[in-house]
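See structure below.
Ligands are counted one by one from 1 in listed order, and the atoms in each one are counted from 1 as well. These figures come from a predicted structure and were not determined experimentally.
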Amino acid sequence: MKHVLLIMTGGTISMVQNSKTGALQPADSELFRTYVPELFRGEIQVELMSFKPFIDSSDMNPEIWSRLAHLIYDNIEKYDGFVVTHGTDTMAYTASALSFMFENLKKPVIFTGAQLPIGVLRSDARENLVTSVEIAAEQDEEGNAVVPEVCIFFDAKLYRANRTTKKNSEWFSAFKSYNYNPLAIAGVHITYYPQHINYCDLDRPMRLRTKIDQRVVVLYLFPGITQQTVKATLNIPDLQAVVLETYGSGNAPREKWLYEALKEATDKGIIVVNKTQCPVGSVDMGRYETSLNLLEAGVLGGYDITTEALLAKMMYLLGENPDDKEKVKQLLMKSLCGEITIE
Ligand code: ASP
């Protein structure tokens, strides 16, 4: 018999409608047993743990990421896989962060949620939950996990967590992995794509690293952005790293003041990573004249990383290497767990 730990953190999937106000509010931890009782009586033994109180994912933060990571790590030998139910709004951030915190993960950690609460007739919760549990328990003939990665399962698709973005607040297909193929698709059968899955080294132990440095910021460029805005952002006291959201393949205005402000920041030791505002495609600095300035200012290219993964990766690397900015820079340019495509 396979054992799966189902951790409920909150989110729409585990909410009910308040009959007086009409607003969605957190239900109790017995909710899944009430609405999907067969999940707890099937071939897979599912055990429940729940956050108290439930957390709307807008209230998630790095301290809770780390608590969740410890909870999974402390139970890693006891279960074959893990399912985490989580609000969709910041699921891609939490799941990305955990993908970096677990080194050499040997078991599946599947995040899922829903666009409608589980008690609503048309809800997508049941299918997302049941299939996530099945994927978390799936093993090959040798008893190894089929997908030993942190993933998001939503609307029939299994994605690598650190490749996903919430793209839709209306449709059941809430998530998308723009720059990487799904790891599995659930139809009549669940079809896995081993060529896209990252496998751990079974001879090396799993490690957990949960130190986080939150002194990072996102600077989103737009036509008309002022010098004051850029300077105020780059001069935030103690700032350690910046996600610079640029145009197209990593382009920015050629204003002298922008170059100087960025150069001053990188000279001070602030790490600036160029991340394109386009969901599909990669940063390619030097392709256009409008990115040469950035290269010269010491800005690093972020390849095809998502904003969620880049923020989580920066916080994690700065937290784990507080006195070694060069190492942080080197690791930002490497794929640690499949979060970027390096041609
Ligand atoms: N506000 C909810 C949350 O992220 C939305 C959802 O779960 O879909 O927690």
Review point. Within a strict 4.5 Å, meaning less than it, do heavy atoms of the His86 and Thr90 side chains meet?
Key: yes

Point to revise | By side chain to side chain donor-acceptor pair (under 3.5 Å) - contacts of Arg67 (at least two apart) | key: none

Check your understanding: Which protein non-hydrogen atom lies closest to atom 8 (O) of ligand 1, naming both residue and atom, and how far is it?
Key -> Thr88 OG1, 2.4 Å

Point to revise | Thr12, any N or O under 3.5 Å of ligand 1 N or O | key: yes

Check your understanding: Any N/O of Lys166 closer than 3.5 Å to an N/O of ligand 1?
Key -> no

Revision key, fill the gap. shortest atom 9 (O) of ligand 1-to-protein heavy-atom contact is with Ser57 N, 2.8 Å

Review point. Is there a heavy atom of Ala174 sitting under 4.0 angstrom from any atom of ligand 1?
Key: no

**Study point:** Where ligand 1 meets Ala114 - atom numbers and elements under 4.0 angstrom, heavy-atom basis
**Key:** 8 (O)

Review point. If you count the atoms of ligand 1 from 1 in the order shown, which ones are under 4.0 Å from a heavy atom of Gly11?
Key: 7 (O), 9 (O)

Exercise for review: Decide, yes or no, whether a salt bridge links Lys166 with Asp89 under the criterion of side-chain N to carboxylate O below 4.0 Å.
Suggested key: yes

**Study point:** Thr226 versus Thr229, side-chain donor and acceptor atoms under 3.5 Å
**Key:** yes

Review point. When the ring planes of His3 and Tyr79 are compared, do they come out parallel, tilted or perpendicular, using 30° and 60° as the limits?
Key: perpendicular

Review point. Do Ser58 and ligand 1 have an N or O pair less than 3.5 Å apart?
Key: no

Revision key, fill the gap. Those residues at least two apart in sequence (or on a different chain) that pass ring pair (Phe, Tyr, Trp, His ring centres under 6.0 Å) with Tyr192 are none

